[in-house]
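Structure record follows, encoded as structure tokens.
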2 protein chains.
Amino acid sequence: MGTGVARADNGGTIGHSTDRGADSPRLDEGLRERSVATIYDVAREAGVSPATVSRVFNGGRVTAERAATVRAAAAVLGFAPNRVARSLRMQRASVIGLIIPDIGNPFFTALARGVEDAAQETNLSVVLCNTDEDVGKEQRYLEVAAAEQMAGVIVAAASRHRTDLSALVDRGTPVVAVDRRPRGASVDAVMMDNRHGGEEATEHLLARGYRRVACIAGPEGASTSDERLAGYRAVLRDHLGDTGQPIEPPPEYVVHGDFRVDGGRAAMERLLALPEPPDAVFVANNLMTVGALAALREAGHEPPGTGLLSFGDVPWPELVTPSLSSVQLPSYELGFAAAQLLQERIAGTAKPLQTVVLRTSLQVRESTSGPAANRGG
Amino acid sequence: MGTGVARADNGGTIGHSTDRGADSPRLDEGLRERSVATIYDVAREAGVSPATVSRVFNGGRVTAERAATVRAAAAVLGFAPNRVARSLRMQRASVIGLIIPDIGNPFFTALARGVEDAAQETNLSVVLCNTDEDVGKEQRYLEVAAAEQMAGVIVAAASRHRTDLSALVDRGTPVVAVDRRPRGASVDAVMMDNRHGGEEATEHLLARGYRRVACIAGPEGASTSDERLAGYRAVLRDHLGDTGQPIEPPPEYVVHGDFRVDGGRAAMERLLALPEPPDAVFVANNLMTVGALAALREAGHEPPGTGLLSFGDVPWPELVTPSLSSVQLPSYELGFAAAQLLQERIAGTAKPLQTVVLRTSLQVRESTSGPAANRGG
DNA sequence: GTGAAAGCGCTAACAC
DNA sequence: GTGTTAGCGCTTTCAC
């Protein structure tokens, strides 16, 4: 006792107090910090038990009058619940992790916005971790998420084969994969219809009169890339040219890049060096399109003379002339849906694992208005 | 006691055990989760005390042999320290928060990379929070940072006047302001030399022969904007024109935007509507430059005929033709320095508060190669 | 509806 | 060097 509390109706609350006099030993030797109010302080101030304070802040059953007293006391003391203690007790933090491979890519930042907005609806805060496409860094973040007992994690995996979600899955932390699903992981997933996007893109190019349609694909083995490429291939296979004959693009018309700017540039340069260069190119992601466009310009092949169609908008599309046609990706929606799914799991739904697939849509702009031969003719 | 441990040399370790049989009550009613090993489990497995396990994982003095035993036991059990419990005990989490106003702006993403790289050197993980320039959202994140007992926070404030760091400062959490320093906050800061950048930009424009130099400034009251504008004004005031007379730009040559794309466009449109439009424009941030360039193009005033110089590179500069001259910002370095400063504070340095100022540098490209009148003459 | 009390998993005195 | 032990601040039975 000896805490010298004025309220007589509360003398019994002992054992905890934030009465840390200058003589009481502190945990840290560093700067002397102002002490922070705990539920025990609030309880004493309000003349109730700590349990009641806890109930007030967690929607337990407390009489309105008492609740008001507690809130007032909390306000006076500037009390805010200690989330660390709460997490330890609950075995679960009020935080969800969002792990993305490239914070500089607007696709992922839009996705992050979707996650945040969906998480807004509950009390979960979102923390963002950028792996820079580095599997090691990603692994560390996954372990941190587990060790921090995050309520759930949304992950756009850096690698389909090497990303290992087991640290989380093993301890029962809900995980949702977005955009890319790591091989063999038993988790919910939200993806987009890459194949459909590739088909739509290729069909559009053909419809606009381009005849030698190439594809700058992503890394071989990446599921997103493979599916986009499959869409491209399927359309070309089914397409009959002006002569009524199927168009068989030479195998050199498919080149693989690395989903980055320089890879796109190199790929386009390879394409342009071909004996018969393509008259249109479908590029499998936005960053490679930036590089591809640069290469096209340097070679004097500005779109739409050579058609250019990007899977996903390039960053700041308003900067680019001519404006670039693109497959519009549901990036925000991907994030939003993933966060909703995750929150269902956190709430404890027992539904079987599910995969949600969102559609892309085509945005036609200037860069695919038709081959040079068609224009002015 | 009833824990059924095989190791005879450890029968005394009781009170804790992760022996959660199917009949023992669990905290959560949801999915039955696989139990996670604790230091008590490791201690039992290794035949040592929990304290020793803790020491092994925290660099305490333990004999090499014992340490090896402990590590082996930990490996067998798949033990990873529970960071939540650790944070509660230490009154400090192993996490630093980075709060930025716009995750879509490459300036801030580069800054974030700097923070991450600097934090790599210690065991602190970085969690990123995006406030979307919304002071309310920012406030919530600041409170979360406090409630989560983050070891420190780096914040690029959404507002100079309304951002309130007191939740953190009051509890003694180290805070470093980057890029913008909230008014009256007693925190370390890492800024760049905005005024110098504005001066250098304006001098360059004059040196290239532009004579009617305007400025699209940021929001009035934003310190970063005010300083850039002050640099612009100072140079014009000191500059003598071809006639030996000072150049007095009309007051309409300074227009304020909102640091966003649309604001830049609107500002440029106002400038172009003037009876005597400027022949060069210094734009106080990258996003407004995007809008300004669009307006310029629509009006048929492509740079460099009208000079355009951006404070900070536009996103994906390789996309833009003509290439844009710009004041290069030390964004990565800003983040790196901020994280270093923060880590010093976390380590407990007692240095007085400091403000680090980093220099900008000018990158000359095509958009400022000289006014239309000069070329070809 | 309310209070007492038992931990969540860890670290840091303190004793040996 | 190592073990014992007391909490960090919270939530949640369990009793009343």
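Sequence lines set the chain letters: A, B, ... in the order given, protein chains first and strands last, and positions in each chain run from 1.
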Taking only N and O in the side chain of [X], is any of them less than 4.0 Å away from OP1 or OP2 of [N]?
X: B/S87; N: D/dC8; answer: no
X: B/N82; N: C/dC8; answer: no
X: B/S49; N: D/dG3; answer: yes
X: A/T38; N: D/dG9; answer: no
X: A/T52; N: C/dG1; answer: no

### Selection from C/dT2, C/dC8, D/dG3 that lies nearest to any side-chain heavy atom of A/R66
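Closest nucleotide to the A/R66 side chain: C/dT2.
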### Message
Under a 4.0 Å threshold between the charged nitrogen and the carboxylate oxygen, would A/E116 count as salt-bridged to B/K137?
### Response
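Result for this pair is yes, salt bridge flagged.
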### Message
Taking the basic N atoms (NZ, or NE/NH1/NH2) and the acidic carboxylate oxygens, is any pair closer than 4.0 Å for A/D132 and B/R113?
### Response
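So A/D132 pairs with B/R113 through a salt bridge.
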### Query
For the base of D/dG9, is there a side-chain donor-acceptor partner from B/R89 under 3.5 Å away?
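It does not, because no donor-acceptor pair links the side chain of B/R89 to the base of D/dG9 below 3.5 Å.
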### Task
Check the pair B/V187, B/L353 against side-chain contact (heavy atoms from CB on, under 4.5 Å), reporting the backbone distance first and the verdict last.
CA-CA 6 Å; B/V187 298; B/L353 289 181; 5.5 Å; no
### Task
Describe the nucleic acid contact of B/R55 in one word from base, sugar-phosphate, nothing, applying a heavy-atom distance below 4.0 Å.
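If one applies the 4.0 Å heavy-atom cut-off, B/R55 turns out to touch a base.
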### Message
Applying a 4.0 Å non-hydrogen cut-off, can you work out what B/F79 is touching in the nucleic acid: base, sugar-phosphate, or nothing?
### Response
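Sugar-phosphate only.
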### Message
I'd like to know if the side chain of A/E344 pairs up with that of A/Q340 as donor and acceptor (distance under 3.5 Å, no hydrogens or angles considered).
### Response
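There is no such pair between these side chains.
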